[in-house]
Amino acid sequence: MINLKDPSLLKQQAYLNGEWCVANSGKTIAVINPATGVLIGTVPDMGATETRQAIEAANGAWKAWRSKLAKERAAILRKWHDLILDNVADLAAIMTAEQGKPLAEARGEIAYAASFIEWFAEEAKRTYGETIPSPTQGRRIVVTKEPIGVCAAITPWNFPSSMITRKAAPALASGCTMIVKPADLTPFSALALAELGHRAGLPQGVFNVITGQAAPIGDELTSNSTVRKLSFTGSTAVGRHLMAQSASTIKKLSLELGGNAPFIVFGDADLDAAVEGAIASKYRNSGQTCVCANRIYVHDSVYEAFSEKLVAAVQHIQVGDGFTEGVTQGPLINQKAVEKAEAHIADAVAKGARVLTGGKRHSLGRSFFEPTVIADVTQDMLITREETFGPVAPIIRFHSEEQAIAMANDTEFGLASYFYGRDVGQIWRVAEQLECGMVGINTGVFSNEVAPFGGVKQSGLGREGSKYGIDEYLVVKYLCMGGI
Ligand code: ADP
C-alpha cells in the first residue's frame, strides 16, 4: 500500500457523471508497482456500455457548462489547480507507485500538470472572435469561437497526470466536457485528479474517467457521433488506428505520437552543457518520453571527448525504486520495454556498435535496466530507426552540417530535435531545416504550458499548451448579418 496523507485520493472506482462506479460486470484490472511487483489496487474493467453512459453524461452536462461565463469556469479550474498543488506529495507518491519514476520527477510532473489548468483557465477568457469588413453593402460579418462539444482523451502511462490536464484543461476551460481513458497501467493518477476536480466543484458529467480495456472503450469513443473530438497521446501505431476509426464520424483529432528525436552536437558546442542536456533529454523518466533524444549525432572533432564525458555522467545515474532517496532512474514500465531496449542494443552490437557503459538488465532485476551508452552507431541500425523508449544513448559520428541535417531528417517522425553549437548562422540554418515540431537549442528540456507542443510528419497533428492549444477545442462560427 502507498503511504498517503489523504488515503481517499487512491480511488479504486471509475468516475462517471460525478459518481464513483464499478464495472457492470463487476470485473476489475490489477495495477502493479513496476519497481516491486506488488499489487497497488484494482480499477473497474469497463467496456462499451459504460463508455456510452459516460458519453451521455458528458453530453448532458455540456449545455450548462458551456453557458457559464469563462470566468466562472476559470474559478472552478483555479480551485482544481490549487488542490492539486496542495496534494502534490500524495499525487507524486501515487504516480511513483504505479509508474516507477523517481519521486522528485513525479513531483515535477504534478506541478507541470497543474500549470496547464492555471494557464488554460486564464486563456479561455481570451478566446476572442473577429469582425471582418464586408464585401457587400448592408451586411456585417462576425466570427465567434464556440466549444466543440463532448471530447474524449486517451492518455499514456509515461506522464500519467500531465497528459490528462494538457487535454482536459483547454477542453473544460473553453466550455467542452470530457471523458478520459487513462492507460490501464497508470489509472490511479487519473482517478486522483478526478477526486480533486470533484472537490473543486466541477459539475456532474463535465469530467469523467473511465477505466478498462483499451479496445472496446476506444471503439466506442471513436464511433460515437456525440463525441466531437478525440485527443490522443501514445504510439504512432495506435494513433493511426484511432485516426482510421474516427473517420467514420469525421472527428476532430489531436494526435501526439511517437518521436525519434535527433540530438546534434556540433564541433564548437560547449561539451559540458551538451552532456548535461543529453542526460536530461535521454534519461529522464528512464528514457520513456516521446521527446527523449533517440539518436545522438556528434561531430567527428569532438566525438571522443563528448563520448567520454557522457559515459562519466551516465555512470552517476542512480538506479532503483523511485521512492528511495537519491535514485535518479526508476524501472522501465514493463518487460516489453526491457525487451525492446535489449533488442536495439543486440541489433546495434551485431552490426558493429560498441557498448561504452551499461548494456544489459540491471542487477536489481524486474524491469530495471542499466543506463547505457553505445558508440559507433550507424543509420542502418534499429536503434536509429525506431523509438527505443529506454535509457540507451546511441552515438553516431558526422562530418558536416549537411550530413547531420540529412541524417536527422531521415525518419518518418518529426516531434522534437535538439542541437548544441555556438555559431549563430548555423543555429538559424539548422533550426529551420530540421523537420520537427519543436527544437531545443543548447537545451535538453523545453516543455512548459506556455509553448506549443506537437509534431509534424507521423508524430502527430495539433498542438497542446500555449495559446494554440485551446483552438483544438474550439470551432469557428461565421455570422453574416444582412438587412442593415
Ligand atoms: P504505449 O505503447 O506507449 O503503451 P499506446 O499507444 O499503446 O502506448 O498506449 C497509449 C494509450 O492508448 C493507452 O491509454 C492505451 O490503453 C491506449 N490504447 C492502446 N490501444 C488502443 C486501442 N486499440 N484503442 C484505444 N486506445 C488504445
Side-chain angles (χ1 to χ4, degrees), residues 14 29-32 34 43-48 50-52 54-55 95 98-101 151-168 178-191 193-194 208-224 227 229-249 251 253-260 285-292 294 331-341 343-344 367 386-390 413 415 455 458-461 464:
I29 298 175
V31 184
I32 305 290
V43 292
D45 185 2
M46 292 179 158
E50 294 94 334
T51 309
R52 269 194 297 279
I55 294 168
M95 190 186 297
E98 65 180 354
Q99 201 274 345
K101 67 178 67 179
C151 299
I154 299 180
T155 57
W157 49 264
N158 59 343
F159 288 94
S161 296
S162 55
M163 293 305 102
I164 292 174
T165 57
R166 195 155 82 169
K167 300 174 191 310
M178 181 167 259
I179 303 114
V180 176
K181 205 259 351 133
D184 37 344
L185 298 168
T186 57
F188 290 128
S189 294
L191 295 168
L193 286 177
N208 309 274
V209 178
I210 187 161
T211 57
Q213 303 293 330
I217 295 175
D219 289 354
E220 185 62 35
L221 291 174
T222 50
S223 63
N224 192 311
V227 178
K229 150 117 204 168
L230 170 70
S231 179
F232 169 75
T233 297
S235 60
T236 296
V238 173
R240 190 177 287 119
H241 175 71
L242 293 172
M243 191 175 186
Q245 283 190 330
S246 297
S248 65
T249 48
K251 274 189 218 322
L253 292 171
S254 295
L255 301 173
E256 205 269 274
L257 309 176
N260 180 7
N285 203 6
S286 306
Q288 302 171 117
T289 89
C290 50
V291 293
C292 274
N294 202 53
L332 296 189
I333 192 71
N334 55 23
Q335 287 304 316
K336 211 173 102 200
V338 173
E339 285 158 17
K340 189 168 191 189
H344 280 190
S367 56
E386 292 178 6
E387 190 175 33
T388 306
F389 239 59
F413 298 104
L415 194 58
Q458 293 183 35
S459 287
L461 301 173
E464 296 193 300

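All ligand and atom numbering here is 1-based and tracks the order in the structure. Note that the numbering runs from 1 along the sequence shown for the chain.
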If you scan protein heavy atoms around atom 15 (C) of ligand 1, the nearest is Lys181 NZ, 3.8 Å

Taking the six-membered ring of Phe159 (Phe, Tyr or Trp), confirm whether the NZ or CZ of Lys101 is under 6.0 Å from its centre and within 45° of its axis.
yes

Answer yes or no for Phe232: is there a heavy-atom contact with ligand 1 below 4.0 Å?
yes

side-chain contact (heavy atoms from CB on, under 4.5 Å) assessment of Ser161 paired with Met95
CA-CA 8 Å; Ser161 296; Met95 190 186 297; 3.4 Å; yes

Please report which non-hydrogen protein atom sits nearest to atom 27 (C) of ligand 1, along with the residue it belongs to and the distance in Å to one decimal place.
Ala214 CB, 3.4 Å

Residue Gly218 vicinity, atoms of ligand 1 by number, heavy atom under 4.0 Å
25 (C)

Any donor and acceptor pair, going by atom type alone, linking the side chain of Asn224 with main-chain N or O of Ile55 inside 3.5 Å?
no

With nothing but distance in play, are any N or O atoms of Ser235 less than 3.5 Å from an N or O of ligand 1?
yes

Any protein heavy atom lying closer than 4.0 Å to atom 9 (O) of ligand 1?
no

Classify the side-chain pair Lys167/Ser254 by whether it contains a donor and acceptor separated by less than 3.5 Å.
no

Can you see whether Asn285 engages Gln99 through a side-chain donor-acceptor pair at a distance of less than 3.5 angstrom?
yes

One finds that the ligand 1 atoms under 4.0 Å from a non-hydrogen atom of Leu242 are 24 (N), 25 (C)

With side chain to side chain contact (heavy atoms under 4.5 Å, CB included) as the test, pick out the partner of Lys181 among Thr51, Ile210, Val209.
Ile210

Can you sort out which atoms of ligand 1 are near Ile154, meaning under 4.0 Å from one of its heavy atoms?
11 (C), 12 (O), 14 (O), 17 (C), 25 (C), 26 (N)

Who's the nearest protein heavy-atom neighbour of atom 4 (O) of ligand 1, and how far?
Trp157 NE1, 2.8 Å

Per-atom contacts, ligand 1 versus His241 - under 4.0 Å to a heavy atom
23 (N)

In ligand 1, the atoms that come under 4.0 Å of a heavy atom of Asp184 are 16 (O)

Any atoms of ligand 1 less than 4.0 Å from a non-hydrogen atom of Val238? List them with their elements.
6 (O), 7 (O), 18 (N), 19 (C), 20 (N), 21 (C), 27 (C)

Any N or O on Lys336 sitting closer than 3.5 Å to an N or O of ligand 1?
no

Would you mind telling me if ligand 1 is within reach of the side chain of Thr155, the backbone, both or neither, using heavy atoms under 4.0 Å?
backbone

Establish, from distance only, whether the side-chain atoms of Glu98 and Ser189 form a donor-acceptor pair under 3.5 Å.
yes

Could you walk me through whether Leu221 and Gln245 satisfy the side-chain contact (heavy atoms from CB on, under 4.5 Å) test, starting with their C-alpha distance in whole Å, then the side-chain angles of each, then the deciding distance to 0.1 Å, before giving a yes or no?
CA-CA 9 Å; Leu221 291 174; Gln245 283 190 330; over 6 Å; no

Any side-chain to backbone donor/acceptor pair from Glu387 onto Gly259? Under 3.5 Å, distance only.
yes

Using a plain distance cutoff, I'd like to know if Gln245 has any nitrogen or oxygen under 3.5 Å from a nitrogen or oxygen of ligand 1.
no

Does Val227 offer a backbone N or O that forms a donor-acceptor pair with the side chain of Lys251 under 3.5 Å?
yes

